[in-house]
**Student:** 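Structure incoming, see below.
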Amino acid sequence: MAKNFVTRSENYSEWYNELVIKADLAENSAVRGCMVIKPYGYAIWEKMQQTLDKMFKDTGHVNAYFPLFIPKSFFEKEAEHVEGFAKECAVVTHSRLRAKQGMQTLEVDPDSKLEEELIVRPTSETIIWDTYKKWIQSYRDLPILCNQWANVVRWEMRTRMFLRTAEFLWQEGHTAHATEEEAVEEARKMLEVYATFAEKWLAIPVLKGRKSAQERFAGALETFCIEAMMQDGKALQAGTSHFLGQNFAKAFDVKFLNKENKLEYVWATSWGVSTRLMGALIMTHSDDNGLVLPPKLAPIQVVIIPIYKNEEQLAQISEKVSEWKKSLEDKGISVKYDDRESHKPGWKFNEYEFKGVPVRIAIGPRDLEEGTVEVSRRDTLEKEIFQQIDLASKIEHLLENIQQNLYQKALTLREEKTYKADTWEEFKDIIENKQGFALAHWDGTSETEQKIKEETKATIRVITFDGVEESGTCIYSGRPSGRRVVFAKAY
RNA sequence: CGGGGUAUAGCGUAGUCCGGCUAUCGCGCCUGCUUUGGGAGCAGGAGGUCGCAGGUUCGAAUCCUGCUACCCCGACCA
């Protein structure tokens, strides 16, 4: 039986997929693994873009754009980078098609074979460092603090809307510095930007820290990350910031003359977040009634729905609403007045709940008489009668309250689903049955990490910055350890 | 790339085992009237290469062969 509601099925993936499609965010495209982001979904992404872009600029960064195509040879220059990305690249080999059998079908023109294949960028470190080489001669040219908004392609085996699509939208920052300290500081600073964005705008609490060697970005000396917990207890990497050392400078021969007139290799960072954040947003806050958007990211923050029996009533309501709409908009709140006659109020209630609109105001004949409105908040689904006096301020306050509440709710869930594991049995129980984050001692070796992954599918998600010194023994090998790290199954 | 599943109208589906009349039903869509405080009611109507290509048969959505696409689980990954 077809339902317009999302009903949480046994399978979290199916629930997620259904939600994305029905909340009108995105749909599968004709191209395998790719996704059409629909206007409503894209409006959310635009809000993310605008906010992040401002944060980048406030920290001294500028935007630039680099080519989509990267010569294959560029990838060969950094050994670890090749290994990391070689298996998932889209490759351009020819430049022309020609007609076959009249004009019915087309085939690749063999005469148009490229001398060197072009890779559709999976990430832009190589082409950017090839460019930076031309930009940098002296310490006076540093630092370079560039960001690029772009699309990238990674030919993944298995894809999932927003979380792992073959093509995705992201921003990638690429910076060049004169000293190691400055580069490390930059990488840490941008991670803080991401963490602030996640917590204050997306209302998603995140753990900040570094990745283990095994989980590190291909070509980085250190990968910093923010890690979030989804409602099913699995971890989602929400953003990364890499300290690249001098790896790319050496690979692309980027040197500068320092104040002492000595040649030195440049130090680098790169950092990025993607449309995956949309997935994080959906999986963190949504419920069985649909999407739940934090007010700061909702394209529509307040929807007003009239209830009326005749034209006269509608006219009265519309007059009131246009006043409120203006005073709300003066406060920077985005308002939609849905006076469509094609749908009944009940329909609209459900529709906007589905799309995650934070606040709904309903006004009908009763309210006109009594000077009230019915206000419903999406996060708790609670309804309350407000006096019309000073409505805009009350709504403004409510939106802030919802933003806070969503963050608190997510934080509480994460805390409830985070456990200390002191034995191998406890550890397995947490990963397999309780399904959450396991704080456990680890001997620091990749071998142990690999074994744990093979036996439980859990990986080290993050070695948190604020972790406490505590001596213990590795849950797997029994060897000594100085602190706990966060293990979980991940998306 | 391995394992499992699915493909019938815009969406969701019945029918497939055991071949047979005009391919079922719901949502949505169009027209009209009545409705409007949580997905409206009635009446009428439009909409289909049954995933694609072959084959078997008097006759195929249904049986056979091949192909393709999508979904889920794994491996890979942000």
**Student:** For B:rU56, give the paired nucleotide (Watson-Crick: N1-N3 plus N6-O4 or O6-N4; G-U: N1-O2 and O6-N3; both under 3.5 Å), or none.
**Tutor:**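 Pairing partner, where one exists within any strand: none, as none qualifies.
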**Student:** Expressed in whole Å, how much space separates the P atoms belonging to B:rU36 and B:rG48?
**Tutor:**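 So the two P atoms sit 37 Å from each other.
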**Student:** Between A:Thr459 and A:Arg461, is any side-chain donor less than 3.5 angstrom from a side-chain acceptor?
**Tutor:**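 Side-chain D/A pair, A:Thr459 to A:Arg461: present.
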**Student:** For residues 35-47 of chain A, please give each side-chain donor-acceptor pair under 3.5 Å, one per line with the distance, not counting sequence neighbours.
**Tutor:**
unit_1	atom_1	unit_2	atom_2	d
A:Lys38	NZ	A:Asp24	OD1	2.7
A:Tyr40	OH	A:Lys355	O	2.6

**Student:** How far, in whole Å, is B:rU35 from B:rG41 if one measures between their C1' atoms?
**Tutor:**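 Straight-line distance between the two C1' atoms is 8 Å.
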**Student:** Remember a base hit wins even if backbone is also touched, and classify A:Glu156 as base, sugar-phosphate or nothing at under 4.0 Å, heavy atoms.
**Tutor:**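 Base contact - A:Glu156 has a heavy atom under 4.0 Å of at least one base atom.
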**Student:** In whole Å, what is the span from the CG atom of A:Leu191 to the P atom of B:rA78?
**Tutor:**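 Whole-Å distance recorded here is 16 Å.
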**Student:** So which heavy atom on A:Ser241 is nearest to which on A:Ala187, and how close?
**Tutor:**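 Heavy atoms of A:Ser241 and A:Ala187 come nearest at OG-O, 2.7 Å.
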**Student:** Go through B:rG38, B:rG37, B:rG74 for me and flag the one nearest to the A:Lys457 side chain.
**Tutor:**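 In terms of side-chain proximity for A:Lys457, the closest of B:rG38, B:rG37, B:rG74 is B:rG74.
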**Student:** Assign A:Thr372 to base, sugar-phosphate, or nothing according to its heavy-atom contacts below 4.0 angstrom with the strands shown.
**Tutor:**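 Nothing: the residue A:Thr372, judged by heavy atoms under 4.0 Å, touches no strand.
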**Student:** Any protein N or O atoms within reach of nucleotides 40-43 of chain B? Criterion: under 3.5 Å, listing atom names and distances.
**Tutor:**
unit_1	atom_1	unit_2	atom_2	d
B:rA40	O4'	A:Lys344	NZ	3.2

**Student:** Quick one: label A:Arg360 by what it contacts on the DNA or RNA (base, sugar-phosphate, nothing), any heavy atom closer than 4.0 Å.
**Tutor:**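 Base, at least one base atom sits under 4.0 Å.
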**Student:** Using the P atom on both, measure B:rG38 against B:rU34 and round to a whole Å.
**Tutor:**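 Those two atoms are separated by 22 Å.
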**Student:** What integer distance in Å separates A:Glu374:CD from B:rU36:P?
**Tutor:**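 It works out to 17 Å between those atoms.
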**Student:** Considering only side-chain heavy atoms of A:Ile307, which listed nucleotide, B:rG37, B:rG39, B:rG38, is closest?
**Tutor:**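 Of all the options, the side chain of A:Ile307 is nearest to B:rG37.
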**Student:** Name the nucleic acid region contacted by A:Glu341, choosing base, sugar-phosphate or nothing; use a 4.0 angstrom heavy-atom cut-off, strictly under.
**Tutor:**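 The answer is nothing, as A:Glu341 stays clear of every strand by at least 4.0 Å.
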**Student:** For A:Gln214 and A:Gln450, does a side-chain donor sit closer than 3.5 Å to a side-chain acceptor?
**Tutor:**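 Present: a donor and an acceptor within the cut-off.
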**Student:** Do we see a donor-acceptor contact under 3.5 Å between the side chains of A:Tyr337 and A:Ser322?
**Tutor:**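 The answer is no; no qualifying pair exists.
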**Student:** What integer distance in Å separates A:His343:NE2 from B:rG38:P?
**Tutor:**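 It works out to 17 Å between those atoms.
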**Student:** In whole Å, what separates the P atom of B:rG2 from that of B:rC67?
**Tutor:**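 So the two P atoms sit 13 Å from each other.
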**Student:** At under 4.0 Å between heavy atoms, what does A:Asn17 touch on the DNA or RNA strands: base, sugar-phosphate, or nothing?
**Tutor:**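 Touches sugar-phosphate only.
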**Student:** Residues in ring pair (Phe, Tyr, Trp, His ring centres under 6.0 Å) with A:Phe217, at least two apart?
**Tutor:**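 So A:Phe217 forms a ring pair (Phe, Tyr, Trp, His ring centres under 6.0 Å) with A:His81, A:Phe85, A:His242.
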**Student:** Please state how far atom CD1 in A:Ile361 lies from atom C1' in B:rG38, giving the value in whole angstrom units.
**Tutor:**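 That distance rounds to 17 Å.
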**Student:** Tell which nucleotide pairs with B:rC42, taking only Watson-Crick or G-U wobble pairs whose two distances are both under 3.5 angstrom.
**Tutor:**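 Pair assignment: B:rC42 / B:rG32.
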**Student:** Using both distances under 3.5 Å as the test, list the Watson-Crick or G-U wobble partner of B:rG37, or none.
**Tutor:**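 Across any shown strand, B:rG37 pairs with none.
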**Student:** Between A:Phe162 and A:Ala362, just flag the one whose closest nucleotide in RNA chain B comes earlier from the 5' side.
**Tutor:**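 Upstream on the strand: A:Ala362.
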**Student:** On a plain distance test, is the side chain of A:Glu353 in donor-acceptor contact with the base of B:rG38 below 3.5 Å?
**Tutor:**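 Side chain to base: pair present.
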**Student:** Which is true for A:Phe168 with a 4.0 Å heavy-atom rule: it touches a base, it touches only sugar-phosphate, or it touches nothing?
**Tutor:**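 The residue A:Phe168 makes base contact.
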**Student:** Roughly how far apart, to the nearest Å, are B:rC64 and B:rG26 at atom P?
**Tutor:**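 That atom pair is separated by 32 Å.
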**Student:** Check the orientation of A:Phe168 and A:Trp170. Use parallel for under 30°, tilted for 30 to 60°, and perpendicular for over 60°.
**Tutor:**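 If you compare the ring of A:Phe168 with that of A:Trp170, the planes turn out perpendicular.
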**Student:** Counting any heavy atom closer than 4.0 Å, what does A:Leu236 reach on the DNA or RNA strands: base, sugar-phosphate only, or nothing?
**Tutor:**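 The residue A:Leu236 makes no contact with any strand.
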**Student:** In whole angstroms, how far is the C1' atom of B:rG10 from the CG atom of A:Asp24?
**Tutor:**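 In whole Å, B:rG10 C1' lies 14 Å from A:Asp24 CG.
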**Student:** Mind calculating the distance between NE2 (A:His242) and C1' (B:rA78) to the nearest angstrom?
**Tutor:**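 After rounding, the reported distance stands at 9 Å.
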**Student:** Taking the nucleotide of RNA chain B with the nearest heavy atom to each, does A:Tyr491 or A:Arg160 sit closer to the 5' end?
**Tutor:**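 This one resolves to A:Arg160.
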**Student:** With distance as the sole criterion, is a donor-acceptor pair present between the side chains of A:Thr93 and A:Glu117 under 3.5 Å?
**Tutor:**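 No, A:Glu117 and A:Thr93 have no side-chain donor paired with an acceptor closer than 3.5 Å.
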**Student:** Do you know which two heavy atoms are closest between A:Ala166 and A:Thr159, and how far apart they sit?
**Tutor:**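 Heavy atoms of A:Ala166 and A:Thr159 come nearest at N-CG2, 4.0 Å.
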**Student:** Nearest to the side chain of A:Lys309, heavy atoms from C-beta on, is which of B:rG39, B:rC76, B:rU36?
**Tutor:**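 Among B:rG39, B:rC76, B:rU36, the one nearest the side chain of A:Lys309 is B:rU36.
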**Student:** Can you check the A:Met283 CE to B:rA78 C1' distance for me, whole Å?
**Tutor:**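 Result: 12 Å.
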**Student:** Pick the P atom in B:rC76 and in B:rA61, then give their distance to the nearest Å.
**Tutor:**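 Comparing P positions in B:rC76 and B:rA61 gives a spacing of 45 Å.
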**Student:** Where the side chain of A:Glu384 meets the backbone of A:Val375, is there a donor-acceptor pair that is under 3.5 Å apart?
**Tutor:**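 Checking the backbone N and O of A:Val375 against the side chain of A:Glu384, no donor-acceptor pair under 3.5 Å is found.
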**Student:** Which whole number of Å gives the distance between the C1' atom of B:rG4 and that of B:rA46?
**Tutor:**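 40 Å, rounded to whole Å.
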**Student:** Expressed as a whole number of Å, how far does the C1' atom of B:rA9 sit from that of B:rC25?
**Tutor:**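 One C1' to the other, the span is 13 Å.
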**Student:** Using atom CG of A:Asn310 as one end and atom C1' of B:rU36 as the other, report the distance to the nearest whole Å.
**Tutor:**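 Checked: the CG to C1' distance equals 11 Å.
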**Student:** Could you please name the partner base of B:rC70, counting Watson-Crick and G-U wobble pairs only when both distances are under 3.5 Å?
**Tutor:**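 Paired with B:rC70, as far as the under-3.5 Å criterion goes, is B:rG5.
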